[in-house]
Amino acid sequence: MKKNVQNLSSGNTGHKPVIREIYDCLLDLHGHQGWWPLTELHETGGINPTKTGSVKGYHPADYTYPQTRNQQFEIICGALLTQNTSWIQVEKALLNLKQLNAFSPEVVIALGLETLKEAVKPAGYYNQKAIRLKILASWFLELKDRVPTREELLFLKGIGPETADSILLYAFKRPFFVVDAYTRRIVTNLGLVDEKADYDEIKALFEESILHDMKLYQEYHAMLVEHAKKYYQKKGSYAKCPLLNIVQD
DNA sequence: AACCAGGACGTGA
DNA sequence: TCACGTCATGGT
């Protein structure tokens with residue numbers, strides 16, 4: 001149950017301009033990211049060969065994806081597989097699934113559980129992830145052309161707040177801001193939230209500070225991840241984060 | 001050789 | 001509610 005009524009914007013009230021400045025700074029530093037990466041783009045789609053990994057499916061400043069129902073399902077699969085796992089490992093699993101023609105819910109449902117486990121093994125936690133993929137497949141098939149609510153996503157086993165928001169933002173193109181471990185690390189390092197801030201508090205910080213625009217949300221989250229990969233891998237490099245210049249008085 | 005990766009869930013206090 | 005263990009493969 002929720003009972004927070006008194007909580008008038010929780011103390012982050014003064015940070016709205018900062019959140020917007022950070023966006024501009026990140027765009028200068030890293031440019032458009034072209035998320036969510038797909039294993040294959042439409043023939044006329046642009047690619048970004050500067051990205052690491054075998055999957056070249058980034059599409060900077062092109063917000064027309066997903067363009068097919070299978071691409072939509074591929075994003076959903078990726079969102080589940082990337083839980084606490086590096087994207088390079090997820091790519092391997094995705095390519096395995098692609099080879100099985102498993103970017104369609106019907107195929108995932110029909111596939112033997114052991115086969116599915118073998119396919120997703122590179123992404124780790126393969127026992128649970130295989131089962132949860134099947135759950136997702138059944139749910140997605142039942143969904144038809146409807147847009148899911150966040151609540152119904154959270155009801156599915158294996159879908160927590162971040163995965164739900166990722167699916168809504170990148171597969172369904174709805175303005176739900178995604179908060180991941182990188183985002184948390186950055187905003188705490190910048191002193192914008194407390195160490196013990198929960199998911200929804202950090203999410204609210206962004207959603208209350210910028211326009212509720214799906215493109216903006218997609219770009220912001222992707223840039224935060226890119227930025228964190230440069231400055232927030234090792235503890236020692238936090239202090240070198242250029243965003244610190246924005247926060248300093 | 002620990003530590004981390006684009007988390008979520010079950011448990012017990 | 002919340003801290004903690006568990007799930008697992010691979011990079012650095």
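These numbers come from a predicted model, not from an experiment. Every chain is numbered from 1 and lettered A, B, ... according to where its sequence line falls, protein lines coming before strand lines.
- Scanning for side-chain contact (heavy atoms from CB on, under 4.5 Å) contacts around A:Ala197 gives A:Val193, A:Glu201, A:Ile202, with sequence neighbours left out.
- Remark: the separation of the P atoms in C:dG5 and B:dC4 is 15 Å, to the nearest Å.
- The salt bridge (Lys or Arg N to Asp or Glu O under 4.0 Å) search around A:Glu114 returns A:Lys117, not counting sequence neighbours.
- The hydrophobic clustering, which links ILVMFWY residues whose side-chain heavy atoms are closer than 4.5 Å, places A:Val147 and A:Tyr217 together.
- Within 4.0 Å of A:Leu154, counting heavy atoms only, lies no atom of the nucleic acid at all.
- What separates OH of A:Tyr199 from C1' of B:dC9 is a distance of 16 Å, to the nearest Å.
- A:Asn127 has a side-chain polar atom (N or O) that falls below the 4.0 Å cut-off from OP1 or OP2 of C:dA8.
- Partners of A:Asn84 under the side chain to side chain donor-acceptor pair (under 3.5 Å) rule, at least two apart in sequence or in another chain, are A:Tyr125.
- Contact annotation: A:Lys157 reaches the phosphate of B:dG10 (side-chain N/O to OP1 or OP2, under 4.0 Å).
- On the P atoms, C:dA8 is 16 Å away from B:dT11, given to the nearest whole Å.
- The CD1 atom of A:Ile131 sits 21 Å away from the P atom of B:dG7 (whole-angstrom rounding).
- Counting any heavy atom pair closer than 4.0 Å across all strands shown, A:Leu80 reaches no nucleic acid atom.
- Within residues 161-169 of chain A, the residues approaching DNA chain B are A:Pro161, A:Glu162, A:Thr163, by heavy-atom distance under 4.0 Å.
- The distance between atom NZ of A:Lys234 and atom P of B:dC4, rounded to the nearest whole Å, is 13 Å.
- Checked against side chain to side chain donor-acceptor pair (under 3.5 Å), A:Asn70 has no partners two or more places apart in sequence or in another chain.
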Table please: side-chain donor-acceptor pairs of residues 236-244 of chain A below 3.5 Å, with sequence neighbours left out.
from: A:Ser237; atom 1: OG; to: A:Tyr231; atom 2: O; distance (Å): 2.9
from: A:Ser237; atom 1: OG; to: A:Lys234; atom 2: O; distance (Å): 2.8

Filtered N/O pairs between nucleotides 9-12 of chain C and protein, under 3.5 Å:
from: C:dG10; atom 1: O4'; to: A:Gln89; atom 2: NE2; distance (Å): 3.3
from: C:dG10; atom 1: O3'; to: A:Gln89; atom 2: OE1; distance (Å): 3.4
from: C:dG11; atom 1: OP1; to: A:Lys92; atom 2: NZ; distance (Å): 3.3

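- Nucleotide C:dC2 holds its C1' atom 17 Å from the CD atom of A:Glu195, rounded to whole Å.
- For A:Asn96, there are no side chain to side chain donor-acceptor pair (under 3.5 Å) partners at least two apart in sequence or on another chain.
- Residue order along DNA chain B, read from the 5' end via each residue's closest nucleotide, puts A:Gln233 first among A:Gly160 and A:Gln233.
- Regarding A:Arg184, its CZ atom lies at a distance of 11 Å from the P atom of B:dG7, rounded to whole Å.
- Here the P atom of nucleotide B:dA8 and the CG atom of A:Leu153 are 11 Å apart, to the nearest Å.
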Please convert DNA chain B into dot-bracket. A pair counts if it is Watson-Crick or G-U wobble with both distances under 3.5 Å; crossing pairs go in [ ] and bases paired with another strand get |. .|.||.|||||||

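- Panel note: side chain A:Thr115, backbone A:Leu111; no donor-acceptor pair is recorded below 3.5 Å.
- Rounding to whole angstrom units, CG of residue A:Leu136 and C1' of B:dG7 are separated by 14 Å.
- Taking atom CD on A:Gln83 and atom P on B:dA5, their separation rounds to 15 Å, with Å as the unit.
- The ring pair (Phe, Tyr, Trp, His ring centres under 6.0 Å) analysis of residues 92-119 of chain A, with sequence neighbours excluded, yields no pairs.
- Residue pairs meeting the side chain to side chain donor-acceptor pair (under 3.5 Å) criterion with at least one member in residues 159-174 of chain A, sequence neighbours excluded: A:Gln83-A:Thr163, A:Arg150-A:Asp165, A:Asp165-A:Tyr199, A:Asp165-A:Lys203.
- Every residue two or more places apart in sequence or in another chain was checked for a salt bridge (Lys or Arg N to Asp or Glu O under 4.0 Å) with A:Glu21, and none qualifies.
- There is no path of hydrophobic side-chain contacts, each under 4.5 Å, that joins A:Leu136 to A:Leu141.
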